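Step one of this worksheet: look at the structure below.
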Amino acid sequence: MSAHFRRWMVELGAECGHEDVTETVREVVTESGITTGLVTVGMAGSTGAVTTIEYESGVLKDLWRAVEHLAPADDEYAHNLKWGDGNGFSHVRSALLKTSLSIPVIDGELYLGTWQQIAVFNFDNRSRRREVSAVVVGE
Ligand code: ZN
């Protein structure tokens, strides 16, 4: 059993900033030499999210519409009343989508479908520079 990791920074725009990190995660898996295990991708922060998606503009718009439906930006949030930073919706969206996920590594490859990418999101009401990590564990 061994472990290997990388951390890097991403610049994400306000409210729906997103980036496809699949190729970077694939590189980390390859350089780890691990052929059977798990890679966990995480993003530090309480207004971001990590998920898998078909990374194309239509689905990205659909996801944005869905999170807007679940936690509308113009709704009233206890967080906003308490802190005045106006991003209660961002924290709720982040909590619902989560800020890390694990992908199986089999035969040294990410266990993903052809049209399935790993994407990071910024739900905050301002652009953010965020750290992303990928930790590979296995043998
Ligand atoms: Zn806040």
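Since we're looking at a predicted model, the values are computed, not measured. Order of appearance sets the numbers: ligands from 1, and atoms from 1 within every ligand. Values below: all heavy atoms of this structure, side chains included; hydrogens, waters and symmetry mates excluded.
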From the Zn ion (ligand 1), how many protein N/O/S atoms are found at a distance short of 2.8 Å? 4

Minimal non-hydrogen separation, Val10 against Val120, with atom names: CG2-CG2, 4.4 Å

Under 3.5 Å side-chain donor-acceptor pair for Thr47 and Arg126: no

Inspect the contact between Glu68 and Arg65 and indicate whether a charged nitrogen and a carboxylate oxygen are less than 4.0 angstrom apart. no

Ile118 to Thr22 - nearest heavy-atom pair and separation: N-OG1, 2.8 Å

Without hydrogens or angle criteria, can the side chains of Thr40 and Ser102 be said to hold a donor-acceptor pair below 3.5 Å? yes

Would you find more than 12 non-hydrogen atoms of other residues, nucleotides or ligands less than 6.0 Å from Asp107 atom CG? no

